[in-house]
Amino acid sequence: MSYETLDLEADDRGVLTVTLNAPERRNALSAKMMDELTALSRAEGAKARAVVLRGAGEVFCAGGDLTWMQAQIRADRDGRRAEARRLAGMLDALNTMPSPLIGRVHGGAYGGGVGLACICDVVVAEEATRFGFTETRLGIIPATISPYVLARMGEGRARQVFMSARIFGAEEAVRLGIATRAVPEADIDAAVEAEVAPYLKIARGAAARAKALARSLGPRIDEAVIEATIDRLVEAWESPEAEEGIAAFLEKRPARWA
Ligand SMILES: C/C(=C\C(=O)SCCNC(=O)CCNC(=O)[C@H](O)C(C)(C)COP(=O)(O)OP(=O)(O)OC[C@H]1O[C@@H](n2cnc3c(N)ncnc32)[C@H](O)[C@@H]1OP(=O)(O)O)CC(=O)O
């Protein structure tokens, strides 16, 4: 399959490196990129011995594409639900992909970008990376990503970072359980390679079953939970705060809150 928004590079060990490739928009998750990540997780990604996920340009991923979100605010309810389901479906497809998923995170990860990191089995972050659940600055909430985030950090810490939308560094991301380790910029590729290495020596089927077992025994992320997050995102898009917050970002001005 060919991809417009992803660059794929497979090596002879079965390691597939997937690069989010829309650097001019800071790798924001457009509808096209979501569909391609879903397709990849069921095709090449599912067959790889390990998948490394990274971003082109200055940041790993700026989260959901806010021009796409603004279009949902202006769409009808059925359209909004379908698009929220597109995002939730992509997160579920990646989360249930049997192959080990190793995140190589640099520069910044915001909103859905942190959500992607939370779906990875291992995350190596550059020390200078900035993280943030910035949704409440935009008048929306971390909705479809929230089950994966809660699985990493628990309710108490999620409340703090979700509600405040504060930006934090890579060391704190490690403490919160988002990243496995933080390394200097010069060491990141070697660190990713060190994280990939164990997966080249183990039985792939057993590793996939271990991943599925951990998922089934961890916090419940089933169809009902995913549907509830879709409802919450649709509700968020329907609020006047979303209209103002997203417009303010796209118009490069401070939001005017009531
Ligand atoms: C998944 C769910 C929710 C979300 O994910 S909501 C989105 C959360 N993300 C953010 O709040 C990040 C928004 N972006 C930024 O804060 C900054 O762009 C940056 C990532 C810190 C990078 O800053 P920098 O100064 O390097 O670059 P610019 O701001 O000038 O951006 C360049 C260019 O890219 C456009 N852009 C950036 N981010 C997005 C985005 N998320 N969506 C659309 N477009 C984006 C930006 O507008 C600039 O475009 P120009 O046309 O060049 O001006 C919900 C759930 O959980 O369900």
Side-chain angles (χ1 to χ4, degrees), residues 5 20-35 37-38 55-73 80-95 105-119 126 128-153 158-159 161-170 178 221 225-239 241-255:
T5 67
L20 307 176
N21 192 17
E24 68 293 346
R25 304 198 75 72
R26 305 302 184 257
N27 302 316
L29 294 160
S30 61
K32 183 82 182 166
M33 189 180 278
M34 290 176 213
D35 287 350
L37 283 168
T38 301
E58 292 166 33
V59 306
F60 171 66
C61 177
D65 186 317
L66 292 164
T67 55
W68 168 81
M69 292 214 190
Q70 190 171 59
Q72 307 329 314
I73 290 171
R80 270 196 285 278
R81 283 199 70 78
E83 292 300 311
R85 182 162 284 113
R86 184 196 297 270
L87 171 58
M90 178 271 288
L91 296 169
D92 180 51
L94 278 174
N95 189 48
V105 176
H106 76 292
Y110 302 94
V114 201
L116 286 182
C118 289
I119 281 169
E126 254 181 38
T129 310
R130 311 299 289 157
F131 292 81
F133 295 95
T134 43
E135 284 88 343
T136 56
R137 294 181 183 193
L138 299 160
I140 58 170
I141 56 170
T144 57
I145 63 168
S146 59
Y148 312 100
V149 179
L150 268 288
R152 294 289 178 270
M153 66 177 73
R159 284 196 202 188
V161 287
F162 282 4
M163 293 171 70
S164 66
R166 70 179 172 78
I167 304 298
F168 51 93
I178 297 168
I221 309 179
V225 168
I226 292 171
E227 281 301 309
T229 68
I230 291 170
D231 290 344
R232 297 293 87 76
L233 182 56
V234 168
E235 282 168 16
W237 280 339
E238 290 173 350
S239 71
E241 287 183 333
E243 172 106 47
E244 168 59 13
I246 292 174
F249 176 82
L250 294 174
E251 291 164 18
K252 302 183 190 296
R253 62 168 174 82

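Source: prediction; values computed, not measured. The first residue of the sequence shown is numbered 1, and numbering continues consecutively from there. Both counts, for ligands and for their atoms, begin at 1 and track the order of listing.
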Plane angle bin for F131 and F168 - parallel if under 30°, tilted between 30 and 60°, otherwise perpendicular: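 Correct class here is parallel.
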Basic-acidic side-chain contact under 4.0 Å: R80, E235: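 Salt bridge absent between R80 and E235.
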Salt bridge flag under 4.0 Å for residues R81 and E227: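 So R81 pairs with E227 through a salt bridge.
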Neighbour count above 12 (heavy atom, 6.0 Å) for R159 CZ: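 No, not enclosed.
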From T5 atom OG1 to R25 atom CZ, the distance as rounded to the nearest 0.5 Å: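 Atom-to-atom, T5:OG1 and R25:CZ are 13.5 Å apart.
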Spatial distance of atom CE (M69) from atom CD1 (I140) [nearest 0.5 Å]: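 Output value for this atom pair is 4.0 Å.
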Protein residues having a heavy atom less than 4.0 Å from any atom of ligand 1: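 Ligand 1 pocket, heavy atoms under 4.0 Å: E24, R25, R26, A28, E58, A62, G63, G64, D65, L66, M69, L87, Y110, G111, G112, T134, E135, L138, I140, I141, P142, A143, T144, I145, L233, F249, K252.
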